[in-house]
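Please find one structure pasted underneath; my questions will follow.
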Amino acid sequence: MSNFGDLQSLASSITAVTSPFRNYLTDLYEKYRKLNDGAVADYIPELALAKPEWFGICVVTKDGQVFEVGDCDKLFTIQSISKAFVFGLALEDHGREYVNSKVSVEPTGEAFNAIVLDEATNRPYNPMVNAGAIATADLIEGENGTERLKRLLEMFKRYTGREHDINVPVFLSEKATGFRNRAMAYLMRNFGMISDKIDETLDLYFQQCSILVNAKDLAMLAATLANGGVNPVTGERAIDERYVQDVISVMLTCGMYDASGEWCYRVGMPAKSGVGGGITAVVPGKLGIGTFSPLLDAKGNSVRGIKVCQDLSQDFGLHLFNVAKSERDLQQWIAGGNGINDW
Ligand SMILES: NC(=O)CC[C@H](N)C(=O)O
């Protein structure tokens, strides 16, 4: 994977290996590697094949330094993490007001797969839970299902800097068993919240959830948002600058489903999790974090991922509302090395 084009990048990568921040991440990885709480998701049959020991942590800074430890190249399905980014594309396609007329931005306090709509307006509550995400997927423009999927994959490429594939067995597994999601789609069709392209939109939703990513991609997705929508390594803009705040604010209030309040309180970073075991967390103006560990808690969030983000938040004062100066200066830790920019 590494692309050591010249001596300078080789030197910087060696520095990175020995940087204090890299050592910190290695210690964090060791600290939580043995934590075996939680369970791999099995309601989508194909996801039950995940190995509990898989674990990776990646941090990408706003200036494009990459720090990784553990299984950061291991591919898994993005699942609900896709929802935040597809929401961004829907905003670009239709603007804030139209999107908001179809999907609200209120936390549900209920499980991610709850069959519930806002009684007053019949809108799904927010784009980060299944109902809202299906309504959001419905808004993605394109001539047909293939074109719409192509647009999603191109968007993810802008964020991560590399091509993405679909895990077809996971897609088919979800398509074959996703009756609950199908029920939500029909309920929303009844209330005029989604169009008649129900099957095409459900396929698109199942496909977006089946996109293959690794922990490094998750950190890059978050770092791009942290950097105002521009990928810090490739320099490419992934999302219109004006919608970055929309995406990360809804991540903060709704990204961890019915654990969003506790997450905001303890970790204080806009984030999004998925039942594949990933978490992507944004520290606006600073960095992005990607974690991967498929052992999930009862709410569908990665147990090790939560711990890692909580430690990073506390140790470096990264909580969004930490107005006191942090004990450790993150920049100083990172200054020990330049990271490996091997994209
Ligand atoms: N929380 C998740 O990651 C859920 C996504 C999954 N594809 C579903 O629809 O059930």
Side-chain angles (χ1 to χ4, degrees), residues 38-50 54 75-87 103 107-116 124-138 140 149 152 156 164 166-188 194 198-213 215 217-218 221 250-251 253-260 263 271-281 290-303 305-306:
V40 166
D42 59 3
Y43 76 100
I44 299 168
E46 198 67 23
L47 289 185
L49 304 174
W54 290 339
L75 293 172
F76 55 95
T77 53
I78 188 168
Q79 296 297 338
S80 277
I81 296 168
S82 63
K83 294 168 178 171
F85 302 91
V86 175
F87 175 49
V103 193
T108 61
E110 304 209 36
F112 65 83
N113 59 359
I115 304 182
V116 54
Y125 274 95
N126 67 70
M128 305 293 153
V129 293
N130 290 12
I134 294 166
T136 305
D138 188 56
I140 299 305
L149 175 61
L152 289 193
F156 280 103
H164 292 276
I166 298 285
N167 180 325
V168 176
V170 171
F171 162 54
L172 295 176
S173 189
E174 288 209 48
K175 186 177 159 88
T177 60
F179 302 114
R180 207 181 162 95
N181 288 326
R182 222 168 273 284
M184 285 176 215
Y186 279 93
L187 185 65
M188 291 190 291
I194 65 170
I198 302 181
D199 285 334
E200 188 183 296
T201 286
L202 279 166
D203 273 0
L204 187 65
Y205 170 74
F206 294 137
Q207 284 162 340
Q208 78 176 58
C209 292
S210 308
I211 291 172
L212 285 164
V213 290
D217 295 326
L218 296 186
L221 284 159
V250 180
M251 286 168 81
T253 52
C254 312
M256 303 297 280
Y257 321 116
D258 45 336
S260 297
W263 170 274
K272 186 75 203 83
S273 65
V275 290
I279 296 180
T280 188
T291 63
F292 169 51
S293 166
L295 290 172
L296 308 181
D297 64 16
K299 295 184 172 179
N301 296 318
S302 168
V303 175
I306 291 175

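First listed ligand is number 1; within each ligand, the first listed atom is number 1.
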Which heavy atom in Lys299 sits nearest to a heavy atom in Ala259, and how many Å separate them?
->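 Between these two residues, the closest heavy atoms are CD-CB, 3.8 Å.
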
Does the side chain of Ile279 reach to within under 4.5 Å of the side chain of Met256, using non-hydrogen atoms?
-> yes

Which pairs of N or O atoms, one from ligand 1 and one from the protein, are separated by less than 3.5 Å, and what is the distance for each pair?
residue: ligand 1; atom: 1 (N); partner: Ser80; partner atom: OG; Å: 2.9
residue: ligand 1; atom: 1 (N); partner: Tyr257; partner atom: OH; Å: 2.7
residue: ligand 1; atom: 3 (O); partner: Ser80; partner atom: N; Å: 3.0
residue: ligand 1; atom: 3 (O); partner: Ser80; partner atom: OG; Å: 2.7
residue: ligand 1; atom: 3 (O); partner: Val275; partner atom: N; Å: 2.9
residue: ligand 1; atom: 7 (N); partner: Gln79; partner atom: OE1; Å: 2.6
residue: ligand 1; atom: 7 (N); partner: Glu174; partner atom: OE1; Å: 2.7
residue: ligand 1; atom: 7 (N); partner: Glu174; partner atom: OE2; Å: 3.1
residue: ligand 1; atom: 9 (O); partner: Asn130; partner atom: ND2; Å: 3.1
residue: ligand 1; atom: 9 (O); partner: Asn181; partner atom: ND2; Å: 2.9
residue: ligand 1; atom: 9 (O); partner: Tyr205; partner atom: OH; Å: 2.7
residue: ligand 1; atom: 10 (O); partner: Tyr43; partner atom: OH; Å: 2.5
residue: ligand 1; atom: 10 (O); partner: Asn130; partner atom: ND2; Å: 3.2

Let me know which of Thr201, Leu149, Leu152 forms a side chain to side chain contact (heavy atoms under 4.5 Å, CB included) with Ile140.
-> Leu152

Please report the shortest heavy-atom distance between Ala41 and Leu296, naming the atom on each side.
->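 Smallest interatomic distance, heavy atoms only, reads CB-CD1, 3.8 Å.
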
Strictly by modelled atom types, are Ser173 and Glu46 linked by a side-chain donor-acceptor pair under 3.5 Å?
->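 Side-chain D/A pair, Ser173 to Glu46: absent.
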
Residue that, paired with Lys83, satisfies side chain to side chain contact (heavy atoms under 4.5 Å, CB included) out of Asn130, Thr136, Val129, Val250 =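 The option that passes is Asn130.
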
